[in-house]
*Asks:* 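Pasting a structure below so you can have a look.
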Amino acid sequence: MSDPKEAIKEKSMILQKDMLAKQFSDLSKAKESGKKVVYTFVPGNLTELILSFDMLPVYPEINALQSGMRKKSAAFIRDAEKIGYSEDVCTYVKCDIGMMLNGNIGPTGEKLPPPDLLLLSYTGCFTFLKWFENLERIYPGVPVAMLHTPYQEDGIITPEQIDYMVKQLKEDVIPKMEQVTGKKYDPEKLSKMMENSAKAEDLLVKILESAKRKPSPIDAYFAGVYYIGPIFTAFRGTQEAVDYYTELHKEVEERIRLNLGPITPEGEIKEEKFRLVIEGPPNWTNFREFWKIFYDMGAVIVTSTYTKVGGVYDGGFRHDPANPLESLSRYCMGCYTNLNLPQRVDMLEKYVKEYKADGFLINSIKSCNSFSAGQLMIMREIEQRTSIPVGFIESDLVDPRYFSYANIKNRLESYFQMLEQRKIILQQENVTV
Ligand code: SF4
């Protein structure tokens with residue numbers, strides 16, 4: 001008999017679950033299969049390059065968020081704090097360190113192999129650098145490759161910046177990968193993978209942009225975090241990712257044909273009352289409860305910045321098989337966390353207008369400086385430029401001590417009342433929203 005609390009699953013969800021399970025299972029057998037393991041990060045990841053060397057990537061943030069969803073993060077964070085990590089350190093880092101202190105058992109219960117290479121290709125957030133300094137101490141002697149991504153300080157990517165990055169790829173990153181694997185860099189294989197990347201990216205954009213419709217067939221934040229999973233992690237550049245996005249796109253098209261709203265763990269949203277744009281990552285420890293507050297109120301997230309941390313594909317960027325190293329460089333520099341604040345405000349303003357949002361909400365993450373810096377300025381700017389009501393809530397990524405359900409629910413209920421009032425006033429004034 002099926003568990004009534006079990007979420008409704010579409011074919012794409014099952015596909016994704018299987019992909020993830022296989023990934024962790026492959027990692028647990030890495031030593032026997034002789035595959036080399038790379039620890040790296042999501043924003044600015046070099047997945048195609050890693051896979052072209054037949055290496056297996058491990059993304060510590062994914063382990064942390066998965067541990068958060070599985071209620072394992074609190075104990076890991078406590079253990080990291082016991083050995084001296086302060087309360088202010090990013091909770092992804094503490095969760096990851098705590099997991100290692102407890103035998104490096106991954107979120108699926110399988111042991112994660114130690115790294116053969118630490119690949120630091122961080123974008124925007126300085127914490128990544130400190131994080132890897134700690135991993136270097138935990139795994140002494142493991143080679144470290146660092147790809148420094150210039151911040152988009154002036155809001156543009158210059159040819160000099162691309163040259164600088166390609167040089168690092170050619171002179172440091174690729175030679176380290178060759179040294180670790182004993183294989184030669186294969187540009188043709190990389191290009192071939194990028195054809196798959198671009199196909200999956202096209203499909204992802206179509207899926208995310210389907211939310212411009214009324215009613216939106218998807219929730220682009222709570223469901224969106226599942227949609228970005230394969231392409232932001234170990235599957236970009238693979239046929240599996242193309243198959244997953246082809247299936248997901250088919251499902252979304254079908255929802256459009258039937259004029260259905262987003263699917264939630266408790267079925268479809270019957271009436272789309274509010275369309276929101278969200279800035280900031282979600283909370284993972286109470287993800288379902290958090291989502292429920294929104295869908296119970298008929299609030300649909302039509303777009304979000306978090307679903308752009310591993311690539312801003314709706315801005316037009318695609319991995320380019322004809323120029324693989326240049327496009328990896330552009331990709332890294334274009335990730336959301338590497339954009340300057342004026343770029344982020346412009347992007348959000350565009351989102352509010354194009355997705356015809358009723359409101360703009362910030363979920364400010366206590367321990368994530370990269371997202372939180374500038375959010376009050378962003379809020380004021382969006383309010384001025386679009387005149388829609390803006391809201392602000394606070395939580396954390398994987399530290400349950402900073403998720404106060406009652407507080408968040410109260411704030412959101414007042415916010416939704418404000419949106420409701422505004423709708424009534426606008427209707428009375430006969431203004432189309
Ligand atoms: S501070 Fe934020 S962006 Fe940086 S590593 Fe932590 S969660 Fe990621």
Side-chain angles (χ1 to χ4, degrees), residues 39-46 57-69 73-74 76-77 80-81 85-100 107 118-136 138 144 146-152 221 224-225 228-229 232-233 278-287 290 304-312 331-341 343-344 347 362-376 378 393-403:
Y39 283 20
T40 191
F41 291 113
V42 170
N45 69 70
L46 305 176
V58 170
Y59 305 89
E61 321 93 298
I62 302 297
N63 294 335
L65 77 85
Q66 292 277 351
S67 297
M69 286 180 120
S73 54
F76 291 157
I77 291 169
E81 286 178 356
Y85 285 82
S86 109
E87 258 198 51
D88 293 328
V89 171
C90 164
T91 49
Y92 271 177
V93 180
K94 286 190 287 189
C95 185
D96 187 42
I97 300 288
M99 190 181 82
M100 287 171 194
L118 292 168
L119 172 59
L120 177 55
S121 58
Y122 77 104
T123 57
C125 176
F126 189 65
T127 300
F128 289 123
L129 193 61
K130 296 285 158 203
W131 194 340
F132 259 42
E133 279 176 11
N134 286 284
L135 294 191
E136 211 182 343
I138 294 176
V144 181
M146 179 168 157
L147 177 68
H148 173 239
T149 301
Y151 186 59
Q152 281 209 42
Y221 186 59
V225 298
I228 57 175
F232 280 15
T233 62
I278 287 200
E279 147 77 13
N283 162 272
W284 300 111
T285 53
N286 299 68
F287 186 79
F290 190 34
S304 61
T305 50
Y306 183 68
T307 49
K308 314 295 152 49
V309 284
V312 185
Y331 159 74
C332 292
M333 285 189 276
C335 286
Y336 183 73
T337 45
N338 204 51
L339 304 183
N340 69 19
L341 285 175
Q343 284 175 298
R344 296 186 199 193
M347 183 171 156
I362 288 179
N363 181 33
S364 188
I365 295 294
K366 184 196 170 284
S367 63
C368 177
N369 297 329
S370 184
F371 261 98
S372 306
Q375 279 180 333
L376 290 175
I378 290 177
I393 50 172
E394 287 169 282
S395 66
D396 190 59
L397 296 160
V398 288
D399 191 341
R401 293 172 297 186
Y402 298 107
F403 184 87

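These numbers come from the heavy atoms of this one structure, side chains and all, not from hydrogens, waters or symmetry mates. Order of listing sets the numbers, starting from 1, for every ligand and every atom in it. We number each residue from 1, following the sequence as shown.
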*Asks:* Just to confirm my output: which protein heavy-atom neighbour is closest to atom 7 (S) of ligand 1, and how far is it?
*Replies:*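 Sorting protein heavy atoms by distance from atom 7 (S) of ligand 1 puts L397 CD1, 3.4 Å first.
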
*Asks:* Quick check against the 3.5 Å criterion: does N363 have a side-chain atom that pairs as donor or acceptor with the backbone of G280?
*Replies:* no

*Asks:* Heavy-atom pairs closer than 4.0 Å: do any link ligand 1 to the side chain of F371, the backbone, both, or neither?
*Replies:*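 Neither part.
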
*Asks:* Considering non-hydrogen atoms of the protein only, which is the closest contact for atom 6 (Fe) of ligand 1, and what is the distance?
*Replies:* C90 SG, 2.3 Å

*Asks:* How far is atom 5 (S) of ligand 1 from its nearest protein heavy atom, and which residue and atom is that?
*Replies:*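 Answer for atom 5 (S) of ligand 1: F128 CE2, 3.6 Å.
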
*Asks:* Would you call W284 and Y92 a side-chain contact if the rule is heavy atoms closer than 4.5 Å?
*Replies:*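 SC-SC contact between W284 and Y92 confirmed.
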
*Asks:* One thing to verify: whether K366 and E394 come together as a salt bridge, which I'm taking to mean a side-chain N less than 4.0 angstrom from a carboxylate O.
*Replies:*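 Here E394 does not pair with K366 in a salt bridge, since their nearest N and O are not under 4.0 Å apart.
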
*Asks:* With a cut-off of 2.8 Å, does any N, O or S atom of C368 fall short of it relative to atom 2 (Fe) of ligand 1?
*Replies:*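 Given the 2.8 Å cut-off, C368 counts as a ligand of atom 2 (Fe) of ligand 1.
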
*Asks:* Does D396 offer a backbone N or O that forms a donor-acceptor pair with the side chain of N283 under 3.5 Å?
*Replies:*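 Present.
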
*Asks:* How does V93 reach ligand 1, if at all, at less than 4.0 Å between non-hydrogen atoms: by side chain, backbone, both, or neither?
*Replies:*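 It is neither part, as no heavy atom is under 4.0 Å.
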
*Asks:* Taking the ring centre of each residue, are F371 and Y336 less than 6.0 Å apart?
*Replies:* yes

*Asks:* May I ask you to check whether F41 and W131 place their ring centers less than 6.0 Å from one another?
*Replies:*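 That pair passes the under 6.0 Å test.
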
*Asks:* Just to confirm my output: which protein heavy-atom neighbour is closest to atom 4 (Fe) of ligand 1, and how far is it?
*Replies:* C125 SG, 2.3 Å

